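See structure below.
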Amino acid sequence: TEEIVRWIASGTKFLPHFHIPLQSGSDKILAKMKRRYNTSLFEERISMVRNYIPHCFFGIDVIVGFPGEDDSEFQTTYEFLRRVKPSYLHIFPYSKRTDTPAADYDGQVDEKIKNERVATLTRLSDELYQDFCKENEGREEEVLFESTQKGGKMFGYTRNYIRVEREYDRTLIGQIVKVQL
């Protein structure tokens, strides 16, 4: 709700990073999944959060290949995701589970098609993440650096989940450091 988002935005206990299950960008598929929301509500809530929490990271769960998801429904999901512009997609191919209603639905999607759709959304996710990083270029952000060292570099994440690398400095492990992106 707007009240909860205002409360999150006004405090110091939450970071500007949300991971939200969308599952599909098609209202037809969402209804088949028996979700209690549609794409309009989802898009409205994402927009509301962005208004209160600028530079917010959105990781979105998406299932591809749910029974009945034809090429048109998948394209609807793809276009919805391009419009909403999350920062990252967590993509799952639908897997049939015994004793679930969807296991008996008509329109089961071939594994090869599911894999192609996963690959398509993975490319979109990479593009969306790069766009999100570009939108944040030049901003000062806090980074929590980890102890991992690879090739003389160390890594950390900003409050809004942008991966940052720098020359390894043992004194920065576990520290929150301001950096310019």
Side-chain angles (χ1 to χ4, degrees), residues 1-94 102 109 114 116-144 156-164 176 178-181:
T1 65
E2 187 170 4
E3 179 183 11
I4 291 171
V5 173
R6 276 197 321 265
W7 177 74
I8 290 170
S10 70
T12 59
K13 301 293 183 196
F14 293 94
L15 296 178
H17 174 185
F18 291 82
H19 193 103
I20 305 170
L22 168 63
Q23 311 307 21
S24 178
S26 161
D27 288 335
K28 176 183 158 190
I29 298 300
L30 288 173
K32 284 186 83 170
M33 291 177 169
K34 300 188 182 354
R35 301 292 167 173
R36 295 179 299 214
Y37 54 87
N38 60 27
T39 55
S40 293
L41 177 63
F42 189 90
E43 188 170 11
E44 172 193 307
R45 297 297 162 89
I46 296 293
S47 179
M48 176 185 54
V49 171
R50 284 182 170 140
N51 284 332
Y52 283 100
I53 307 172
H55 310 292
C56 186
F57 178 97
F58 288 98
I60 304 294
D61 289 345
V62 182
I63 296 173
V64 298
F66 191 81
E69 183 191 71
D70 59 19
D71 290 342
S72 174
E73 298 302 326
F74 176 73
Q75 189 62 34
T76 297
T77 293
Y78 183 88
E79 290 168 8
F80 179 76
L81 292 167
R82 284 196 70 80
R83 185 173 71 249
V84 173
K85 294 183 68 161
S87 313
Y88 172 79
L89 302 173
H90 196 192
I91 309 151
F92 303 90
Y94 167 78
V109 179
K114 287 186 220 177
E116 290 169 358
R117 291 176 182 172
V118 167
T120 298
L121 289 188
T122 299
R123 286 189 299 274
L124 176 61
S125 180
D126 292 345
E127 180 184 321
L128 292 167
Y129 184 72
Q130 291 305 315
D131 290 348
F132 180 72
C133 290
K134 285 178 189 169
E135 290 168 9
N136 281 271
E137 279 181 11
R139 293 185 51 248
E140 184 176 80
E141 240 325 327
E142 294 177 338
V143 176
L144 174 61
Y157 287 90
T158 63
R159 298 168 352 102
N160 63 343
Y161 211 63
I162 295 174
R163 188 169 189 248
V164 174
I176 297 174
K178 288 190 179 195
V179 301
Q180 184 158 357
L181 301 174

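Only this structure's heavy atoms are used, side chains among them; waters, hydrogens and symmetry mates stay out. Numbers here simply count residues along the sequence, with the first being 1. In this text, all values refer to a predicted model and were calculated from it rather than measured experimentally.
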### Task
List the steps and the verdict of side chain to side chain contact (heavy atoms under 4.5 Å, CB included) for Ile60 and Phe42.
CA-CA 11 Å; Ile60 304 294; Phe42 189 90; 3.6 Å; yes
### Task
Please report the C-alpha distance between Asp71 and Arg117 in whole Å, then the side-chain angles of each, then the deciding distance to 0.1 Å, and finally whether the salt bridge (charged side-chain N to carboxylate O under 4.0 Å, His left out) criterion is met.
CA-CA 9 Å; Asp71 290 342; Arg117 291 176 182 172; 2.9 Å; yes
### Query
What's the verdict on salt bridge (charged side-chain N to carboxylate O under 4.0 Å, His left out) for Glu135 and Lys85, showing C-alpha distance, side-chain angles and the deciding distance?
CA-CA 12 Å; Glu135 290 168 9; Lys85 294 183 68 161; 3.3 Å; yes
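Surrounding CZ of Arg83 are more than 12 heavy atoms belonging to other residues, nucleotides or ligands, all under 6.0 Å away.
Contact record, Leu121 with Leu89: O-CD1, 3.6 Å, taken as the closest heavy-atom pair. Pro86 and Leu81 get closest at one heavy-atom pair: CD-O, 3.3 Å. The shortest non-hydrogen separation linking Phe132 to Cys56 is CE1-O, 3.4 Å.
Salt-bridge formation is not detected for the pair Glu69/Lys32: no Lys NZ or Arg NE/NH1/NH2 atom is positioned less than 4.0 Å from an Asp or Glu carboxylate oxygen.
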Per-pair distances, 0.1 Å, donor-acceptor, side chain in residues 14-21, under 3.5 Å, sequence neighbours excluded:
unit_1: His19; atom_1: NE2; unit_2: Asp61; atom_2: OD1; d: 2.6

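Looking only at atom types and distance, the side chain of Ser24 has a donor-acceptor partner in the side chain of Thr77 under 3.5 Å away.
The shortest distance between side-chain heavy atoms of Val109 and Phe74 does not fall below 4.5 Å. For the pair Glu127 and Gln130, the minimum side-chain heavy-atom distance is 4.5 Å or more. Residues Glu44 and Met48 are not in side-chain contact: their nearest non-hydrogen atoms beyond the backbone lie 4.5 Å or more apart. For the pair Phe58 and Arg50, the minimum side-chain heavy-atom distance is below 4.5 Å.
Using cut-offs of 30° and 60° for the angle between ring planes, the Tyr157 and Tyr161 rings count as parallel.
Taking the ring centroids of Tyr88 and Tyr129, they lie at or beyond the 6.0 Å cut-off.
The distance from atom CZ of Arg139 to atom CD of Glu141, rounded to the nearest 0.5 Å, is 4.5 Å.
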